[in-house]
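For ligands, and for the atoms within them, numbers begin at 1 and follow the listed sequence. FYI, side chains are in, hydrogens and waters are out, and symmetry mates aren't considered; it's all heavy atoms of this structure. Note that the numbering runs from 1 along the sequence shown for the chain.
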Amino acid sequence: MPSRSSLFADFSIVVLAAGKGTRLKSALAKVLHRAGGRTLVEHVVRACLPLGAREILVVVGHQAEAVTGCVTPFGARAVLQQPQNGTGHALRVARAKLGKTKYALVLPGDAPLVRTETLEGLARAHLQNGAAATVLTAVTEEPAGYGRIVRKGDQSVAAIVEEKAASPEQKEIREINSSLYAFTLKELWPCLDALRPENAHRELYLTDAVAQLNERGQRVLAEVAPEAQQVLGCNTRAELAEVDRIFRMRKCRELMEAGVTIFLPETAWIDPEVRIGPDTVIEPGVQLLGSTRIGANCHIHTGSVLTNMMLADGVTVREHCVMIDSRIREGAVVGPFSRLRPGADIGPNAQVGNFVEVKKSRLAAGAKAQHLSYLGDALIGAGTNIGAGTITCNYDGVKKNRTTIGAQVFIGSNTALVAPVRVGDRAYVAAGSTITENVPADGLGIARGKQANKPGWAAARRREMTPKSGTNRKRVSRKGAKGMARRKG
Ligand code: UD1
Ligand code: CA
């Protein structure tokens with residue numbers, strides 16, 4: 001058996017990705033829709049990369065620029081099909097770019113679940129059997145919408161009949177065309193030239209090349225895909241959701257095999273680049289997105305959404321946290337209901353609690369902000385306690401200013417720190433203070449109105465407001481009572 005690289009030395013790959021995707025009813029071209037955290041066309045190109053084919057050509061048309069942008073980072077080359085006259089026309093357009101290549105694998109840009117091994121198997125089968133074309137097929141209980149494979153007595157393929165042209169008997173056929181093919185190009189080209197737009201869409205169908213090849217005495221064979229799932233197309237929103245579900249389950253399975261516990265994996269939404277260490281537990285309904293990295297022995301509770309996060313080992317994220325572009329260090333506990341915005345850095349064993357928002361701020365080891373705070377552009381020293389309702393007033397209407405709080409500091413509840421401002425190590429800030437000047441190390445900062453007590457005031461007010469008993473009583477209106485209270489207070 002030839003190695004993969006020698007097998008593909010004579011193969012180029014053509015991905016058909018110029019179509020609009022009318023059935024999605026979308027302003028976005030079909031292959032730019034996302035499933036499993038990537039665009040459809042990116043999945044297809046990625047599956048091709050390990051094959052080491054001579055070249056990957058992507059036929060683009062609808063939103064050509066955006067589609068090109070998705071594939072060129074992987075070394076693929078775009079070919080423009082304008083207008084889009086069907087799958088057969090798309091391949092004709094690619095012809096000039098294929099030069100002297102002997103063989104081509106042709107793939108639709110909207111069937112993203114195909115695996116590299118399946119593509120390799122298709123190419124191998126094609127070369128071993130010496131056919132002019134090999135069609136990857138699948139056997140399914142729901143063939144509606146797909147082209148049907150019409151086999152001859154010798155099991156070779158006589159034709160592919162599109163749904164709209166199929167007779168009632170042909171509609172009963174369960175073997176469908178995946179739109180993935182291997183072609184021997186010198187046999188294919190004359191057939192493409194012979195295609196006629198005599199069909200429901202007035203397009204040139206690549207599928208008609210199969211009957212053409214037969215007419216020319218060429219053999220077309222079928223290779224059945226190992227799983228029908230792999231050839232699912234995304235023609236409708238429902239199919240898109242199903243393909244997304246399958247990608248997410250694949251990812252969960254990989255992670256579980258690597259030692260991650262995922263409860264109700266069908267509710268986990270984990271992007272392909274996410275990495276998670278062993279013995280980490282992911283509860284139901286968690287989203288882990290982008291380049292998120294999670295260490296070992298972490299616990300991510302239900303309802304949390306992490307995007308491009310970096311978590312060390314032993315981190316706990318309690319329920320319903322939203323966090324992006326930030327890091328959490330070993331042993332820290334965040335949540336429930338915490339929000340980390342870009343540039344938050346939560347130190348080892350630090351704690352961030354409910355309704356605390358942290359942006360571009362570092363909490364050093366063991367620091368705590370447990371309730372109802374906004375910490376922006378702040379440095380918070382080790383072991384410091386941020387009281388409930390503390391706000392760093394980092395924005396002066398023009399620019400952002402820094403708050404620097406030392407180690408072992410105690411910030412009382414409901415403190416406003418008007419930045420730029422510094423609080424020295426081991427200092428206290430009294431609850432309810434609005435701090436506009438630096439607080440020295442080991443000192444107390446207190447900045448609030450002084451309290452005055454008025455003994456008996458409340459009792460007197462109640463007496464005034466109670467109507468006198470007797471016939472001639474005067475009602476005190478609500479407004480009157482308030483006015484009285486204000487005058488006396
Ligand atoms: C096609 C096949 C059908 C097969 C199904 C499998 C044809 C005529 N039919 O139908 O037998 O069962 O795929 O999913 O080929 N494209 C272009 N240029 C065009 C038209 C399409 O690049 O002018 C691209 C599309 O972007 C898409 C791919 O070709 O990625 C397939 O086109 P689509 O319209 O989805 O074909 P189906 O109707 O699904
Ligand atoms: Ca399709």
Chemist: Do you know which two heavy atoms are closest between Met309 and Asp325, and how far apart they sit?
Modeler: SD-N, 3.9 Å
Chemist: Is there a donor-acceptor contact under 3.5 Å linking the side chains of Gln84 and Gln81?
Modeler: no
Chemist: Taking 4.0 angstrom as the limit and counting only heavy atoms of Gly147, give me the atoms of ligand 1 inside it, by number and element.
Modeler: 3 (C), 4 (C), 11 (O), 12 (O)
Chemist: With 3.0 Å as the limit, count the protein N, O or S atoms near the Ca ion (ligand 2).
Modeler: 2
Chemist: Identify, by atom number and element, the atoms of ligand 1 in contact range of Ala17, meaning under 4.0 Å from any of its heavy atoms.
Modeler: 22 (O), 26 (O)
Chemist: Using 30° and 60° as the class limits, which term best fits the ring planes of Phe247 and His43: parallel, tilted or perpendicular?
Modeler: parallel
Chemist: Report the part of Glu203 (side chain from C-beta onward, or backbone N, CA, C, O) that has a heavy atom under 4.0 Å from ligand 1; answer both or neither where that applies.
Modeler: neither
Chemist: What atoms in ligand 1 come closer than 4.0 Å to a heavy atom of Ser178?
Modeler: 6 (C), 14 (O)
Chemist: Using 30° and 60° as the class limits, which term best fits the ring planes of His301 and His299: parallel, tilted or perpendicular?
Modeler: parallel
Chemist: Examine ligand 1 and decide if any of its atoms is less than 4.0 Å from a heavy atom belonging to Ala111.
Modeler: no
Chemist: For ligand 1, indicate whether the residue Asn235 contacts it via side chain, backbone, both or neither (heavy-atom separation under 4.0 Å).
Modeler: side chain
Chemist: Heavy-atom pairs closer than 4.0 Å: do any link ligand 1 to the side chain of Glu239, the backbone, both, or neither?
Modeler: neither
Chemist: Is Gly86 in polar range of ligand 1, meaning some N or O pair under 3.5 Å apart?
Modeler: yes
Chemist: When you look for heavy atoms under 4.0 Å from ligand 1, do you find them on the side chain of Gln81, its backbone, both, or neither?
Modeler: side chain
Chemist: Which of the numbered atoms in ligand 1 are under 4.0 angstrom from any heavy atom belonging to Leu16?
Modeler: 22 (O), 24 (C), 25 (C), 26 (O), 27 (C), 28 (C), 29 (O), 30 (O)
Chemist: Hey, is His62 touching ligand 1 through its side chain, its backbone, both or neither, going by heavy atoms under 4.0 Å?
Modeler: neither
Chemist: Would you please test Ser291 and Glu273 for side-chain hydrogen bond (donor to acceptor under 3.5 Å, both in side chains) and show each step?
Modeler: CA-CA 5 Å; Ser291 60; Glu273 308 288 324; over 6 Å; no
Chemist: List every atom of ligand 1 that sits less than 4.0 Å from any heavy atom of Asn85, numbering the atoms from 1 in the order shown and giving each element.
Modeler: 23 (O)
